[in-house]
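Since we're looking at a predicted model, the values are computed, not measured. A, B, ... follow the sequence lines: proteins, then strands. Residue 1 opens every chain.
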There are 2 protein chains.
Amino acid sequence: MTTRDPRATALARLAALVADETRATCLLALLDRRAWTAGELARHAGVAASTLSEHLGRLVAGGLLTEERQGRHRYVRLADARVAQLVEDLAAQVAPDRAARPRNLRESSAGSALARGRTCYDHLAGRLGIAVTDALTDRGLLVQETGFALTDAGLAWFEAAGIGLDRRGRRPLARACLDWTERRPHLAGVAGAALCRHALEAGWCVRIGSERAVKVTAAGERAMSDLLGVAPAALR
Amino acid sequence: MTTRDPRATALARLAALVADETRATCLLALLDRRAWTAGELARHAGVAASTLSEHLGRLVAGGLLTEERQGRHRYVRLADARVAQLVEDLAAQVAPDRAARPRNLRESSAGSALARGRTCYDHLAGRLGIAVTDALTDRGLLVQETGFALTDAGLAWFEAAGIGLDRRGRRPLARACLDWTERRPHLAGVAGAALCRHALEAGWCVRIGSERAVKVTAAGERAMSDLLGVAPAALR
DNA sequence: CGGACACTTCGGCGACGGCCGAAGGGTCCG
DNA sequence: CGGACCCTTCGGCCGTCGCCGAAGTGTCCG
């Protein structure tokens, strides 16, 4: 008899948190980086409030979610970018084939705003995210061929654009996140988050609806054309 | 009632494959990239052969493992580098704190060969993997500060060393893999695999025991010192 | 203060999954 | 050909987990 690898125990325990469809539904929903109330998630997942309460208890205890109680509401959100990355990675592993397939009219029109531009936890995704990532690459600010990293010119570009990059933490400056509508990597990590935050703060994009869909404004088209050479058509 | 996100179903199904301690034990063992027989895994995990047979059935059906039948043996291995990366990522997520802590004498001496150098699926890991990755970085062949990518000089270095890089597949050329003894990223991806293969073929390293531990040879010390400026002391 | 609301706890139910040993089939070897 | 070996299938057991509704706690608001 071999002694059990403690890593196996921990690995199984972590996976078990995701291995339930209701909890997986919650984790995917929480990728929008908003804080959801328990009731919202229960309605979203289609289960009773009591059921969802237990799920949240597990997810919080397992460190995947953090909670804030405000009055009679319990708000939860993904614990950190690391957890978001984990969920994204798992989702990308699992979804690699079903994308880019045209569905029926209602779904495709409902999904088109999301496909055009959205946030993926804290960075830009969808065609918008791809367009920005490609533009950075075309201009020599980002390399994708030999890995995934900002170049020196890329660092200078962020500096010149007034987008600060916090390089102290352990989080990687640039990281590839696989887009599940476009099936291609887009910029995540510190730089992806900073760019997304700047785009929203500077009015380049605005959120539409209560979803994580975002729309590029006229000012945003100008800014991205000027700073990155992104053709406005690539954003539509 | 909301219609269930099909991604949630697939996500939960994938996670469920890892969410069992016996299966997790198998997946971690298979990270050595060897093909194990069902019986070996059963003994390793400490369960009956019949039990393990069912686990293998699930893992194969789920696409995490591939099998080859030879005579009365059933050999299984991880399906591809993508699955290996998934397991590594999950394991890294779960183990980030317990490393670098000195344990009792028997464990630390038994583990020291593994900590010194080993393979992690198809690339070098342990202190050896870190030393090589750091040396590449110090010489400007690899950037880690702004992401993780080979530089042009790095591509030339591989070329000059006669280590071919297959750039056709979708697999990234360079990718960071978090080391669970060193808690630092080391080189994985196509370049990491090519380097590891070359090191073994050229006799820079030899496998020791039946484990995934590797030892640097005298010739390997010379080669790494000449080509990368790795001080031999860093490998011990 | 009372009622509406959000969430949690509890009991109970049903399903699923992991485990084993026994039995069976395929393969190798003497 | 016979026996050893490796694996798989099957039946049965048991524990865990997801689910619900009912009841309880705490909060907000009129």
Would you mind reading off the distance between [X] atom [atom1] and [N] atom [atom2], rounded to a whole angstrom?
| X | N | atom1 | atom2 | value |
| --- | --- | --- | --- | --- |
| B:Glu21 | D:dC17 | CD | P | 13 Å |
| A:Leu41 | D:dG18 | CG | P | 16 Å |
| A:Arg23 | D:dT16 | CZ | P | 15 Å |
| B:Leu56 | D:dT9 | CG | P | 11 Å |
| A:Glu67 | C:dC7 | CD | C1' | 11 Å |
| B:Arg58 | D:dT8 | CZ | C1' | 15 Å |
| B:Tyr75 | D:dT8 | OH | P | 13 Å |
| B:Leu52 | C:dC20 | CG | C1' | 13 Å |

What nucleotide, of [options], holds the atom closest to the side chain of [X]?
| X | options | answer |
| --- | --- | --- |
| A:Arg72 | D:dC28, D:dC7, C:dT8 | D:dC28 |
| B:Ser53 | C:dT8, D:dT9, D:dC19 | D:dT9 |
| B:Val47 | C:dC19, D:dT9, D:dC7 | C:dC19 |

Looking only at side-chain N and O atoms, does [X] come under 4.0 Å of OP1 or OP2 in [N]?
| X | N | answer |
| --- | --- | --- |
| A:Ser50 | C:dC10 | no |
| A:Arg69 | C:dT8 | yes |
| A:Arg74 | C:dT8 | yes |
| A:Thr22 | D:dC19 | yes |

Report which part of the nucleic acid B:Ala48 touches: base, sugar-phosphate, or nothing (heavy-atom distance under 4.0 Å, all strands). sugar-phosphate
Considering every strand and a 4.0 Å limit on heavy-atom distances, what is the contact class for B:Ala38: base, sugar-phosphate, or nothing? sugar-phosphate
Decide, yes or no, whether a salt bridge links B:Arg82 with B:Asp80 under the criterion of side-chain N to carboxylate O below 4.0 Å. no
Do the charged groups of B:Asp122 and B:Arg171 touch, with an N to O distance under 4.0 Å? yes
Could you list the donor-acceptor pairs under 3.5 angstrom formed by side chains in residues 163-170 of chain B, with sequence neighbours left out?
residue	atom	partner	partner atom	Å
B:Asp166	OD1	B:Arg168	N	3.0
B:Asp166	OD1	B:Arg168	NE	3.0
B:Asp166	OD2	B:Arg168	NH2	3.1
B:Arg167	NH2	A:Glu145	OE1	3.1

Assign each of A:His55 and A:Gly71 to its nearest nucleotide of DNA chain D by heavy atoms, then name whichever residue's nucleotide is nearer the 5' end. A:His55
Does A:Gln70 or B:Glu40 map to a spot on DNA chain D nearer the 5' end, using the closest nucleotide for each? B:Glu40
Students often mix this up, so state it plainly: with edges at 30° and 60°, are the rings of B:His186 and B:His123 parallel, tilted or perpendicular? tilted
Kindly indicate whether the side chain of B:Thr51 and the base of C:dG18 share any N or O donor-acceptor pair separated by less than 3.5 Å? no
Answer yes or no on whether A:Arg43 is positioned over the face of A:Trp36, meaning its NZ or CZ is under 6.0 Å from the six-membered ring centre and within 45° of the axis. no
Ranking A:His73 and A:Glu54 by the position along DNA chain C of their nearest nucleotide, the one closer to 5' is A:His73
